[in-house]
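Nothing fancy with the numbering, it's 1 onward along the sequence.
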Amino acid sequence: MRVTKHMLANRLTRINAKLNTEYDLNNAPHYGGWQLTSNQGSHIVQHRLSPREMLTYLDGIIFGIDSQKWG
């Protein structure tokens, strides 16, 4: 499966809505891929990952948020 920018953006939108955050993704393939930042890029939340790794990372955050409902 090919990971698209749209897939990553959808997951990030869900995370920002549920956590009331302003995280952002930026892509620089020559530096290693996607990076998750907050505060308009001034704080790195997750260093650069490949698209598939970033998708899995974001899915993990969503899973953790959803798991809190049951805990």
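Of all non-hydrogen atoms in Met54 and Leu36, the two that sit nearest each other are CE-N, 3.9 Å. Contact between Tyr31 and Arg48 at its shortest, heavy atoms only, is O-CD, 3.6 Å.
Under a 3.5 Å cut-off, the side chain of Asn16 and the backbone N or O of Tyr23 do form a donor-acceptor pair.
Rounding to the nearest 0.5 Å gives a distance of 6.0 Å between CG of Leu25 and CG of Leu8. Of the inter-residue distances, the one linking Thr37 atom OG1 with Glu22 atom CD reads 11.0 Å to the nearest 0.5 angstrom. Atom CD of residue Gln35 and atom CG of residue Asn27 lie 10.0 Å apart, to the nearest 0.5 angstrom.
In this structure the side chain of Glu53 never reaches within 4.5 angstrom of the side chain of Trp34, judged on heavy atoms.
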Identify every side-chain donor-acceptor pair in residues 55-62 under 3.5 Å, counting partners at least two apart or on other chains, and give the distances.
unit_1, atom_1, unit_2, atom_2, d
Thr56, OG1, Arg52, O, 3.0
Asp59, OD1, Arg11, NE, 2.5

